[in-house]
Structure formats: structure tokens, C-alpha cells
There are 2 protein chains.
Amino acid sequence: MKVTLKDVANAAGLSVASVSRILTNRGRYSEVTAKRVRELAQEMGYYKNQNAADLSSKRSRVVGVVVPLIHTNFADEIIKGLYETTISSGYELLITYLDEDEDHQYQVFQTLLSRQVGAVFMLSLDIPSWMIDKLLEEQISVISLTALLSEQISAVTSNEFEMMNSIVDYLIDMGHKNIALVGDTKLTTNISSTRRTNFIKSMTDHNLAYENIFLYGNDHSYETGYTSVTTGYDINQLPFTAAIATADMVGQGLINAMSDHGKTVPEDLSIVTIDGLQQTEIARPKLTTVKQDFPEIGRIAMQLFLDSDSEKTEPQIIYIPTELIQRDSVLNLNSTK
Amino acid sequence: MKVTLKDVANAAGLSVASVSRILTNRGRYSEVTAKRVRELAQEMGYYKNQNAADLSSKRSRVVGVVVPLIHTNFADEIIKGLYETTISSGYELLITYLDEDEDHQYQVFQTLLSRQVGAVFMLSLDIPSWMIDKLLEEQISVISLTALLSEQISAVTSNEFEMMNSIVDYLIDMGHKNIALVGDTKLTTNISSTRRTNFIKSMTDHNLAYENIFLYGNDHSYETGYTSVTTGYDINQLPFTAAIATADMVGQGLINAMSDHGKTVPEDLSIVTIDGLQQTEIARPKLTTVKQDFPEIGRIAMQLFLDSDSEKTEPQIIYIPTELIQRDSVLNLNSTK
DNA sequence: TTGAAAGCGATACCAG
DNA sequence: CTGGTATCGCTTTCAA
């Protein structure tokens, strides 16, 4: 049988109350007995039942994390960030995965609630809105790490418009005019439609017309990048000179499609990706990218929660800086003239 | 305040006992009232406090997963597999990360115990043995998904020797004789020393001598692959014609190092990787690989636990088949003669 | 500084 | 079929 508080108390000749106080460093007690009790607990192999503790104290040091089951590896980076500040604060992470199945989604939601999480970090790009509503109803703070969901919801994320704008700016600077957005450009999810809109706005802000704007794809996959220039457009006469990939893998798909068809990057097509994870350094040519600081997003988000935990605070939006890293996948059209 | 069982019972004019029975579908009750209660619970926004339930029933449907913080993406694949069979069985996954810090490791261990997990799945390549010992002491079943830890511990994994042997076999078949194992070849962790040993054994089994055997690197990283032929050996006169990469990324590093120095794969170096994840299809040339079925490892492992949960069973070792996939990174030396 | 006792929310046994 | 109640392991007043 498991060793319980009571067992330790008996062995120590103390009451459970005292032992509890000692083991949680709460309340008053003498250091002498405390030392003895701690050693005893150790010897006896006592491990607190956190479920019972949470139940009794009516609070919980668990926060939920909702991750899309099919995720680009940015999720791992964010989790690393969350983990870092979580582990040093004594909180626990309850990581759950979200797939397309509605029953499963509900099950995940139930798990989150039934484990009394104090907050939920959303890494999913595509969260059912009912889940967010219900979470909010239950007074659980929701923090989005990938997009601005609404004004009631805190978010820690990159500044989408700034990212997109800096790319468009850079590309135009390099003499490009006809530019494609490749990857997830659909209108049905928050983040993809945001990017699509931002892209178009940024282009028109730069006095480019709709005929200079190209959109392709419904997801952030390698395949979408690949097929965009093979089945999507005629690779031998692409109507654009540069492509913005909504994820690194899309950019890699673009590169491979080009090289598999005897074309080269950046001579035949310039590419800038969004995310800036390892793949951009591995790719040949190395990919020019806007790098998001995912671990920092995780760290700051967790910190935000910890700070606001004490008092009820208003939803906040925090932007984590991004960086345009120039590598070898963009051709300067000005200098080739 | 949160809605509790009692609230629902009061509202329904029933006892908590009855409501509990209804909501857990256990014991006898009339369908008529049951329906009413279920609707009521729904309306009132009742969600069971699983902590309390677990405490009361003295069992727990939680299993722990220990993942290395720095992981190659195979961990994600395994988790997907675990998730699949976990979610349909009503169990929950408690995913924890393990880094190098000893204090953190102990904290993770405490979390696992204090949350009453019934089993722990180890995805880590480098697990502190004290953790395993203590887990076993506490009657928690440990299941390794990456290596054979010991006879007392169940494992669901690929057959390491078979994998290595099939590669060596294939390479020799292709006329190679001087072969390097690149990646994690150190002696200090279970899996890497196993591979090292298997590699050497397989080579000598094929009548090759120590002078035909080369070893390089201490981790499964891209960088290790890259530096192996740049700083490790003289890229202009490599003493081996083929390299076995202990992970896909190591192979990619090898490819890049070669091509960055004007060499080509497989003409100047043949490569076979272990793992067979997406990167092997993305690489150019596409990488020949021994593919491990990670999702299946996860699924079977979880199933193994579920099956054995009822009765105490002996530790089992289950091998999940692997597959040698021939692509474009190995040169047939016989035909070039 | 220490102890007694009342919960926390749910389960399960035992009556009714 | 339904209700009362002890219990799970721990925290937390309130007294002593």
C-alpha cells in the first residue's frame, strides 16, 4: 500500500496536521521536528497525493496546453518555453492534443475541466469556438499563442501584420512585384485568413494591384509548397517572381519542386518563409525567413499567466519581436538588371 | 462557484449517491430519472472533478509519458500513437519532459508519482536509472519505447540488431566495405552503445575487420552529421564509402556537408539513415532508410498496458517491424565497376 | 508549536 | 431503484 501522510505522522508521533504543515512549508513549526519529519518521509518513500492536496485546498497548479495533433514543430518550441518557466514555478503542464474528431475534442475539453486547470494555452491554429466559449464561461483564462482570437482573450504572439509587411517590403525592395502567398491561405481559420488579408493589404499599401497578387494552398504542408508550382501554376512560366511561404516546410516544398524540375532558387523563384525553424538553415539554398521566437512566446505566456493569477486582470495582447533573416533564397532583381 | 455533484443532486431532488451512479453508468437506476439527471447536469454546466473521483475510487486512469526535451520528431509520432489508443480507452496522458537538470528530473518524477500514474512510457534515450528503479519500487509499470532497458522492464520497440544488420547487409550487397556509423555512437547511453555494438557485430559477422569500421559522433544531430566529414574526416579522401546515420537529421547533415564541399551523394558517399521520417523524403537525394513505425510503437505499447492492467503480467518485449526503404542515397559499387 | 476536526468532491458499500 | 454514510489523502481553521 502507498505511504500516506498519516503513515508518516504515526511514525513520527505527530498529527497529520503538523506533518502537512511541515511538508508544505506552511504555517509554524519547529525546525528540529521539521528536519526529522522530512527525513522520515524520505525514508518511508512518501510522495504526496497531489490530487488529494488539490482537492482539499481547492486550487490547482495545473495549466492546460492544447496542441494540434498534426503540428509543425513550432509547437515543440513553444512547449519548451512553457516548460521552462513552468517547472521553475512549481506548476504542471497538462498537454492535450486536438484532432478533427468532435467527440475527441469534447473529451479533451472535459479532461481539461475535470482536472481543474487554471488556464489553457492554445497552440492550435484551428480551435472550435465552442471550446473557447465554454472555457471562458468556466472562468478559465484562455491564452492564445498563435493568433489574436478576440478581445476577451489574452494572446502572446508575433505581430502578424508586421511580419507580413516586413517580407513584402523586403521583396519589393529587392525589385519583386508579382508575389505569391503559398501555404495556408484559406479563409476559414483565423490565422490563415489573417495572413491572407495582411498580405493583400500590405501589397496594396505598396501600390501593387490585385493582378500582382497570387494565392495558393489550404495548409502549411510541404506538399502544398511542392504542388503550388507543379500543378497549381505552370512552372515554366510562373506569373510571380517571389513566393512567401506560410511555413518553413512550404518553402522547402517550393525549393524541391523547382529543383526537381530543373529550376533553381532563387534565380527562377525567390522564397521567403514564415517561422524560421531549423529547416530554413538545412535547406539549400538556405531560406530567407522571418523568424518567430517561439520559446520566448511560451515563456512570456506562462509568465503572463503567473503574474495575473493573483488578481483578475484584463486580457492582454503581447507581441514578441520577430526577425527577418536574410539568407540565400531571394534574388535581388535590381542588381541583375 | 463550481457546480458539484451535490448541486446536481439537490436540483434533481436526489441523493448524491444516485446521481453519481447515473453519471458514471454504474449500478442500478431507472432510465427515466437518469435521463432527467443527465440533462440537468448538462444544463447546470456540471463537470466532474476527476481528482476527487480518483481519490475516492482509489484508482487513476492516467499514464505518464516521459519525453526528452530535446527530441527528434520521432517522439511526436510515438505520442500520436499513444494518443490514439489512449483517447478511445478513456485514459489520460500525462506528458512530462526531461532535461539534463537533476532537480528538474526529480521534480518530473515527483509529478508522475503525485498524480498517481498507473504506468510510465519512456521515450527518453537517456533516462536516469534511479528514476526507473524508484518507479518500479512504487509498483508502477515502466514501458520503454526506445530501447531494451532490462529484463524487468517491458519494451515495445524496433529490433535494433535487425535494423542495423539489414543496413549492413544491404550496403555490403551494394559492394561497400568500409562503412562508418555516424551520429550517436557514444558508450554512455543504452541505445547508442547498443547500436555501436550491433554495428560492430554485424560488420564482423560479415567478415569485415576493424579497419573497415568507422565511428563518429556523440549525438543524433544535424551538426554531427555535418561535421563528421568536415572536421572529423578529410572530405577529400574519406576512408569509407558509406555511412550509416543514427538519425535522419544526421543523414541530412552528411548530405549538406558533402554538397557544400562540391561532393555529391551517393557518388562520393552513400548514406543510409535510421528512422525514416519525413526528412528522408524531403532530402535530395532522397534518403535510403530503415523506417521505424513509431505510431504503431505507441499504439501497441498503450494496448499492452491496457491489456496487462487487469492482471499483473510479466514484462514483455514486443518488436515492431521495420522496413528498409531504398531510395537514392546509396551507390551500387558493383554495377559501376 | 502542535493537535482535533471539518471539509474538498466523488465513490461504493450497505440498508431500505 | 434510491439514500445514508464512511472513506480517499490532504489542507486549513481554530483551540489548546
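Only a predicted model underlies this, so the values are computations on that prediction, with no experimental measurement involved. Chain identifiers are assigned alphabetically (A, B, ...) following the order of the sequence lines, protein sequences preceding nucleic acid strands; residue numbering begins at 1 within each chain.
- A salt bridge links A:E296 to A:R299: at least one charged side-chain nitrogen sits closer than 4.0 Å to a carboxylate oxygen.
- Per the geometry, CG belonging to B:L55 stands 17 Å off P belonging to D:dA6, to the nearest Å.
- Taking the charged nitrogens against the carboxylate oxygens, B:K134 and B:E137 have no contact shorter than 4.0 Å, which rules out a salt bridge.
- A donor-acceptor pair under 3.5 Å is absent between the side-chain atoms of B:Q316 and the main chain of B:A155, judged by distance alone.
- A salt bridge links B:E39 with B:K35; the closest basic N to acidic carboxylate O contact falls under 4.0 Å.
- Rounded to an integer number of Å, the gap from B:R28 CZ to D:dT2 C1' is 12 Å.
- Residues A:Q303 and A:D307 bring a donor and an acceptor atom of their side chains to less than 3.5 Å of each other.
- A salt bridge links A:D54 and B:R115; the closest N-O separation between the charged side-chain nitrogens and carboxylate oxygens is under 4.0 Å.
- Remark: C1' of D:dT7 and NZ of B:K58 are 8 Å apart, rounded to the nearest angstrom.
- Distance OH (A:Y29) to C1' (C:dG3): 17 Å, rounded to an integer number of Å.
- The distance from atom CD of A:E31 to atom P of C:dT2 is 10 Å, rounded to the nearest whole Å.
- Judged purely by distance below 3.5 Å, without hydrogens or angles, the side chains of B:Y106 and B:E102 never pair a donor atom with an acceptor atom.
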- prompt: Based on Watson-Crick and G-U pairs with both distances under 3.5 Å, what dot-bracket line describes DNA chain D 5' to 3', crossing pairs as [ ] and inter-strand pairs as |?
  reply: ||||||||||||||||
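- Listed nucleotides: C:dT1, D:dG9, D:dT2. Nearest to the side chain of A:S30: C:dT1.
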query: When you check every protein heavy atom under 4.0 Å of nucleotides 10-16 of chain C, what one-letter string (B, S, -) results, 5' to 3'?
result: BBB----
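- Taken from OG in A:S18 to OH in A:Y29, the straight-line distance is 11.5 Å, to the nearest 0.5 Å.
- Here the C1' atom of nucleotide D:dC10 and the CZ atom of B:R115 are 13 Å apart, to the nearest Å.
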